[in-house]
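Here is the structure we will look at.
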Amino acid sequence: MKCKLHRVFPLLLVTAAFSLPSGRPYPNGDGLHQAAFQVHGVSEESFLEWELPPDPNSTHHLIFDSVSGFLQRWPNTFRRNGHSIVPAVIPTGTVLYHGRDDNHVPDVPEWFAFDFEHAFLFGVSTCYVMSVQAKRDLRLLYFDGASAAKMKDGPMDTQDFVAWRKPRPDKHFSERERINALCDWGKPFGVDGFVRMEFHFEVMICDVLDGLEVVTLLDLIPKNVTAPYDRPLVDPPPRPPSRPAPPPVVPPAGWRGSLPGFGRIRFEAHVAGGWHDLAPGETRVQLDYTGLITFYDPALSSLVEARQGKDKSNYRLKGLSAADTARVHAELQSVLTRKQGTGSSVDWGSIARVVVERYADRLEHLRSLLSPNATFKDAAEQAFTARSLLVVMLAPYMTIVDVPQRLPASANVSWLAPVVHRCATTQTSRIPLGMLTPQEVLIHAAVENTLREICRRLALLWVQFFDVEEADDAMAAEVIEEGHRHIDELMNWLGWSLWVRCEPACGLGENCYLPSWPFLKGDDPYDMTPRCIIPEEAVRE
Ligand SMILES: *[C@@H]1O[C@H](CO)[C@@H](O)[C@H](O)[C@H]1NC(C)=O
Ligand SMILES: *[C@@H]1O[C@H](CO)[C@@H](O)[C@H](O)[C@H]1NC(C)=O
Ligand SMILES: *[C@@H]1O[C@H](CO)[C@@H](O)[C@H](O)[C@H]1NC(C)=O
Ligand SMILES: *[C@@H]1O[C@H](CO)[C@@H](O)[C@H](O)[C@H]1NC(C)=O
C-alpha cells in the first residue's frame with residue numbers, strides 16, 4: 001500500500017509530514033511500552049481499564065471548553081456564566097474607541113470598545129467618538145463568559161469576586177461602582193484594566209491617559225434616535241426607569257436626507273461583535289495561559305457541591321466557601337506578583353482548537369450517520385458507512401498489532417488500551433510537567449482527560465463495529481443504536497457551542513444571533529436557539 005502511494009502521490013507525500021526511510025527506527029512507534037512517561041491524571045496503567053467512564057464530578061471538559069472558547073463571542077454567549085480569570089495584554093499600537101456625549105478626555109475609569117461600531121452606540125443628543133492608541137503594552141485581566149451582561153444570575157460573578165470577594169446581584173447595574181472597585185483592587189498589581197464581553201468585547205481602562213494616546217476625538221453626525229425602532233442604548237450609565245422621549249434629531253447645517261438610524265447602528269454593533277464569533281476570536285487581546293485561574297478547579301470543593309444537580313449553563317460562584325474564596329484570591333495574587341516568564345510557552349488555546357477542529361464536525365457527522373433518521377438502504381449499509389468514518393478517526397492510533405486476539409472483539413477489550421492511550425495523550429504526553437505552572441497543569445489535565453473521553457467512546461464503538469460487516473441486519477441495527485447513544489452522550493458531555501448554529505445559514509446582510517444582553521424584543525434570555533436577524537429586528541425590549 002505504501003509503495004503504491006509513493007508511485008501515485010510522490011509530491012503529496014513529500015509535502016506532508018511523512019518521513020522517507022532515513023534515521024533510526026523507533027521501537028514500537030510510540031514508546032508506549034518504554035520507561036520515561038509523562039502523564040498527569042491518567043496513567044498508562046489506567047488505560048488497561050480504559051472503558052471506565054469519567055468521574056461525574058470531573059470538570060476537565062468544562063476547563064477544556066473555557067480554554068477553547070476564550071475571546072470568541074459565540075461560545076461565551078452560549079454559556080454566559082464565565083468561570084475564568086486570565087491575565088492578558090493589549091499590545092502597543094492597538095486602537096480602541098470610546099463614545100460619549102461630550103468632547104472631554106475622561107479622567108476617571110472608562111469603557112472602551114474594540115470596534116467603532118460598538119462605541120458609536122454611545123452618546124445621545126451629540127455623539128463624540130474618540131479613538132485612542134496603546135502607547136505601551138496594557139496589562140489586563142480577562143473575565144470569560146458574557147461578563148459585561150448586566151444580569152443578576154451569574155455572568156458578572158467572577159469580576160464581582162475580584163472586586164468584592166463574592167457575587168453581587170444587588171449591584172448588577174452599579175457599573176460605575178464596579179469599575180471603581182475593580183480598578184482600586186488592581187492598582188497595587190499594576191493592572192491597567194479588564195476585558196469583558198457583552199454582544200462585543202470591551203475593555204475597562206482605569207487610567208486613560210496613562211497607557212493610551214488620543215488619536216481623534218470627533219463630533220460625528222448625529223443618530224436618528226427617534227426613528228428607528230426605539231430609544232438608544234446607554235451603557236453605562238443605566239437607564240432611569242422612565243426617561244423622557246429624546247428630542248427629534250437636528251441634522252448638521254447643510255445636511256440632506258436621512259441620518260443613520262439607531263436600530264441600524266445597534267445591528268451593526270452586533271455584526272461587528274460577530275467578526276469575533278469563532279477562533280481566533282478577538283485577536284487584539286493576548287492571553288497568558290500560565291496564569292489562568294479557573295473556578296472549575298477541582299480543589300474548590302465548595303463549588304463541586306454547589307454544581308450538583310444543576311445544568312452547566314447555570315453554574316455560578318454562589319456557594320463558594322470562605323476558605324475557597326481565600327484560596328482563589330491568594331492564587332490570583334501569586335499569579336500577578338510572580339516573576340514574569342514563569343511557566344511554559346505552550347499555546348494551550350491552539351492545542352484545544354486542534355482537538356475541536358479534529359472532532360467537532362466528525363462527531364456530528366457520525367451521530368447523524370447513526371441516527372434512526374438517517375436514510376440508508378438497510379442497517380448493513382448504515383453500519384458500513386459509520387464504520388468507515390470511525391476508522392478515519394482512529395487510524396492515527398491503530399497499529400498492525402491492535403487487533404483482538406479472539407472474537408467477539410468485546411470478549412476482552414484490553415487489546416484497545418494502546419489505541420485509546422495514544423489517542424488520548426499524543427497532544428500532551430511529552431510536555432514536561434515540571435515546566436508548567438500549577439494553572440497550566442490543570443489545563444494539561446483538561447486536554448488529556450477530554451481527549452480520553454472522546455477516545456474512550458470511539459473505542460467503545462470500534463469494539464462493536466470492528467466485525468459489523470459480518471453481522472446480520474438485526475445485530476447491525478442493535479450496534480447502530482448503541483453507537484448513536486454513545487456519540488449523543490459524548491456530545492452532550494462535551495457541550496461544544498459549535499454544534500449550535502443557524503440552520504440554514506444566514507443570508508448576506510443577516511446576522512446569526514443568540515440571545516445576548518441587552519436582549520432584543522421577543523427574546524427569551526434562556527432559550528439558546530440561534531436565529532438569523534435583519535437590521536429591522538435589532539429592537540430592544
Ligand atoms: C428620523 O426618523 C424619522 C422616523 O423614521 C423620520 O421621519 C425622519 O425623517 C428621520 N430624520 C432624519 C434626519 O433622518
Ligand atoms: C460528587 O461531589 C458530591 C459533592 O461534593 C459528593 O457528594 C459526591 O459523592 C461526589 N461524587 C463522586 C462520584 O465522587
Ligand atoms: C428524528 O427526526 C425527528 C423529526 O424530525 C426528530 O424529532 C427526532 O429528534 C430525530 N431523532 C434523532 C435521533 O435525531
Ligand atoms: C484481558 O486480556 C488481558 C491481556 O491479554 C489480560 O491481562 C486480562 O487478564 C484479560 N482480562 C480478562 C477479564 O480476561
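First listed ligand is number 1; within each ligand, the first listed atom is number 1. Owing to the predicted nature of the structure, the values given are computational and were not obtained by experimental measurement.
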Hey, does Leu259 come in under 3.5 Å of ligand 1, counting only N/O atoms on both sides?
yes

Going by atom types alone, do Tyr526 and Asn314 pair a side-chain donor with an acceptor below 3.5 Å?
no

Check whether NZ of the Lys or CZ of the Arg Lys310 lies under 6.0 Å from the centre of the six-membered ring of Tyr315 and within 45 degrees of that ring's axis.
no

Residue and atom name of the nearest protein heavy atom (relative to atom 4 (C) of ligand 2), distance in Å to one decimal
Gln308 NE2, 3.8 Å

Looking at atom 8 (C) of ligand 4, what's its closest protein heavy atom, distance included?
Asn412 ND2, 3.8 Å

Side chains of Gln159 and Ser147, donor plus acceptor under 3.5 Å:
no

Residues in ring-ring contact (aromatic ring centres under 6.0 Å, His included) with Tyr296, at least two apart?
His83

Measure the acute angle between the ring planes of Phe122 and His118, then classify it against the limits of 30° and 60° as parallel, tilted or perpendicular.
tilted

Is it the side chain (CB and beyond), the backbone, both or neither of Asn224 that lies under 4.0 Å from ligand 1, heavy atoms counted?
side chain

Side-chain ion pair, Arg367 and Asp488, N-O less than 4.0 Å:
yes

Which atoms of ligand 4 are found less than 4.0 Å from any heavy atom of Ser414?
1 (C), 2 (O), 3 (C), 4 (C)

Which of the atoms of ligand 1 are close to Ser258, meaning less than 4.0 Å from one of its heavy atoms?
14 (O)

Check for me whether Arg452 meets the cation-pi criterion with Phe47, that is, NZ or CZ under 6.0 Å from the six-membered ring centre and within 45 degrees of the ring axis.
yes

Taking atom 5 (O) of ligand 2 as the reference point, the nearest protein heavy atom with its distance
Glu305 OE1, 3.9 Å

When you check the gap from the basic side-chain N to the acidic O, do Arg456 and Glu51 get nearer than 4.0 Å?
no

Does the protein put any heavy atom within less than 4.0 Å of atom 14 (O) of ligand 2?
yes

Can you check whether a protein heavy atom sits less than 4.0 angstrom from atom 1 (C) of ligand 4?
yes

For atom 11 (N) of ligand 2, which of the options Asn57, Asp55, Leu303 provides the nearest non-hydrogen atom?
Asn57

Need the ligand 2 atom indices (1-based, order shown) with element for anything under 4.0 Å from a heavy-atom of Val304.
2 (O)

